[in-house]
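Structure first, commentary second.
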Protein chains: 2
Amino acid sequence: MFSKACEYGIKAAIFIATQSYEGKRVGPKAIAKEIDSPQAFTAKILQALVKEGVVTSVKGAYGGFEIDRGLLSQIKLAAVVNAIDGDHIYKGCGLGLHTCDANQPCPVHNKFEVIRNDLKNMLEQTSLEELALGVKSGAAFLRV
Amino acid sequence: MFSKACEYGIKAAIFIATQSYEGKRVGPKAIAKEIDSPQAFTAKILQALVKEGVVTSVKGAYGGFEIDRGLLSQIKLAAVVNAIDGDHIYKGCGLGLHTCDANQPCPVHNKFEVIRNDLKNMLEQTSLEELALGVKSGAAFLRV
DNA sequence: TATAAATAGGATAAATTTGTCCGAAATAAG
DNA sequence: CTTATTTCGGACAAATTTATCCTATTTATA
Ligand code: FES
Ligand code: FES
């Protein structure tokens, strides 16, 4: 469904969100530990999230990654997915035709479109805040 | 969503179905041309589909791949996907946790489960026959 | 039986994704 | 200003997926 990089990115963003609630910045080391991911690879993904404006970074001593608390409810999962995997999952044909076009549809177009739109809506409606609260409350987990 | 191999496998199975309707066997060359895929790679995928019992192969002169016409309505897309990509898309966690477990759910578990089940139902309810008819009628296409 | 046509399968190569390493640049604190 | 800390960014390595090539095996027909 999502690439490994995207899975790590989503989990990292959620963890950063939980910490930003308490005004804490976190670095790649703490993030990788918390989401059970390779640290250096995770750092690369964080760079991409910064470049796309999903999270903010502060260099130097006492630096780290954070998300403006006021934005937590506005940043949706879709922004994270888009930043890492692009928009292919939203727009691409399920069978890999060059374009998904209702005028030249693949055999599963109609059925696939429904699923894809549901996924799109879910990602666009789910905020980092909501997911972070699930983790903070102990109802959800970022690692097994 | 699906691997390239799976995309090719689905399209190949649909094309074989359209030809089996007319009692014709087809080989990797014709299939690859029809679905716009690399021929040798497609041949490998066909081997997997044969091994999993999704399609039948006949070796030697006048051989090729076919699907029993009586089974066309019974063979579902899920069988093809399962044969090539396995069951991870049905059972795996959307964020890559080792297991998808409602007792130790990832932050998106509840929302993801809905999408995943819709996809599962779609794949389990859609027959090769139905998709092949779409192609034969000219309503759907296997290549752009 | 000989021949041609066709799938099966192993070895290999190319491309992409995933993952590591290390030095450069920035920044807070002493 | 110096030092310690931390992100940034490029180069590199490993693993996986995608793709190619060639030979063996099978089978219908002449
Ligand atoms: S054309 Fe394949 S999903 Fe739209
Ligand atoms: S635990 Fe992640 S989808 Fe179920």
Side-chain angles (χ1 to χ4, degrees), chain A residues 1-13 16 19-20 24-33 35-67 81 83-86 88-89 92 95-96, chain B residues 1-13 15-16 19-20 23-33 35-67 81 83-86 88-89 92 95-96:
Chain A
M1 181 74 79
F2 304 121
S3 69
K4 269 297 177 202
C6 194
E7 290 176 358
Y8 296 150
I10 293 170
K11 288 186 280 193
I16 295 170
Q19 300 306 294
S20 292
K24 293 181 189 165
R25 289 178 189 147
V26 282
K29 190 173 175 182
I31 294 170
K33 186 180 177 188
I35 71 174
D36 191 23
S37 68
Q39 181 180 330
F41 189 44
T42 306
K44 280 277 189 286
I45 295 159
L46 289 166
Q47 281 183 38
L49 291 180
V50 170
K51 187 172 285 181
E52 298 291 328
V54 176
V55 309
T56 311
S57 71
V58 179
K59 278 181 163 183
Y62 292 81
F65 297 90
E66 64 185 4
I67 301 175
V81 172
I84 302 176
D85 278 354
H88 189 265
I89 199 165
L95 297 188
Chain B
M1 182 73 81
F2 304 120
S3 69
K4 269 296 177 202
C6 194
E7 290 176 0
Y8 295 150
I10 292 172
K11 288 187 278 193
F15 176 60
I16 295 170
Q19 299 305 294
S20 292
K24 292 181 190 165
R25 289 179 189 147
V26 282
K29 189 173 176 183
I31 294 170
K33 185 179 177 188
I35 71 175
D36 192 22
S37 68
Q39 181 180 328
F41 189 45
T42 305
K44 280 276 187 284
I45 294 159
L46 289 166
Q47 281 183 38
L49 291 180
V50 170
K51 186 172 285 183
E52 297 291 327
V54 176
V55 310
T56 310
S57 71
V58 178
K59 279 181 160 184
Y62 292 82
F65 297 90
E66 64 185 4
I67 301 175
V81 172
I84 301 176
D85 277 356
H88 188 266
I89 199 166
L95 295 189

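Keep in mind that the numbers below use all heavy atoms, side chains included, and drop hydrogens, waters and symmetry copies. Chain A is the first sequence line, chain B the second, and so forth, proteins listed ahead of strands; every chain is numbered from 1. These numbers come from a predicted model, not from an experiment.
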CD1 (A/Ile35) and CD (A/Glu7) are apart, to the nearest 0.5 Å, by 10.0 Å
[N] [atom2] sits how many Å from [X] [atom1], rounded?
X       : N      : atom1 : atom2 : value
B/Gln39 : D/dA19 : CD    : C1'   : 12 Å
A/Asp85 : C/dT17 : CG    : C1'   : 11 Å
A/Lys24 : D/dT6  : NZ    : C1'   : 19 Å
A/Lys4  : C/dT16 : NZ    : P     : 21 Å
A/Leu49 : D/dG9  : CG    : P     : 14 Å
A/Phe41 : D/dA13 : CZ    : C1'   : 13 Å
A/Phe65 : D/dC8  : CZ    : C1'   : 9 Å
B/Ile45 : C/dG9  : CD1   : P     : 15 Å

Verdict with reasoning, B/Val55 to B/Glu66, per side chain to side chain contact (heavy atoms under 4.5 Å, CB included) | CA-CA 6 Å; B/Val55 310; B/Glu66 64 185 4; over 6 Å; no
B/Ser57 vs C/dA6: side-chain N/O to OP1/OP2 distance below 4.0 Å | no
Any B/Tyr8 side-chain nitrogen or oxygen under 4.0 Å from OP1 or OP2 of D/dA19 | yes
Does some side-chain heavy atom of B/Val81 sit less than 4.5 Å from a side-chain heavy atom of B/Phe2?
-> yes
Does the side chain of B/Asp85 come within less than 4.5 Å of B/Ser3's, by heavy atoms?
-> yes
Nearest to the side chain of [X], heavy atoms from C-beta on, is which of [options]?
X       : options                : result
B/Ala40 : D/dA11, C/dG10, D/dC21 : D/dC21
B/Ala61 : D/dT27, D/dC8, C/dG19  : D/dT27
A/Ala5  : C/dA29, D/dT20, C/dT18 : C/dT18
A/Lys44 : C/dC21, D/dT27, D/dC8  : C/dC21

Ignoring hydrogens and angles, are the base of D/dG9 and the side chain of A/Gln47 linked by a donor-acceptor pair under 3.5 Å?
-> yes
Base, sugar-phosphate, or nothing: which does A/Val55 touch, judged by heavy atoms less than 4.0 Å apart?
-> nothing
Touch check for B/Gly63, heavy atoms < 4.0 angstrom, all strands: base, sugar-phosphate only, or nothing?
-> sugar-phosphate
Quick one: on DNA chain C, does A/Cys6 or A/Lys59 contact a more 5' nucleotide (nearest heavy atom)?
-> A/Cys6
Evaluate the side chain to side chain contact (heavy atoms under 4.5 Å, CB included) criterion for residues A/Leu95 and B/Tyr8: first the C-alpha distance (whole Å), next the side-chain angles of each, then the deciding distance (0.1 Å), finally the verdict.
-> CA-CA 8 Å; A/Leu95 297 188; B/Tyr8 295 150; over 6 Å; no
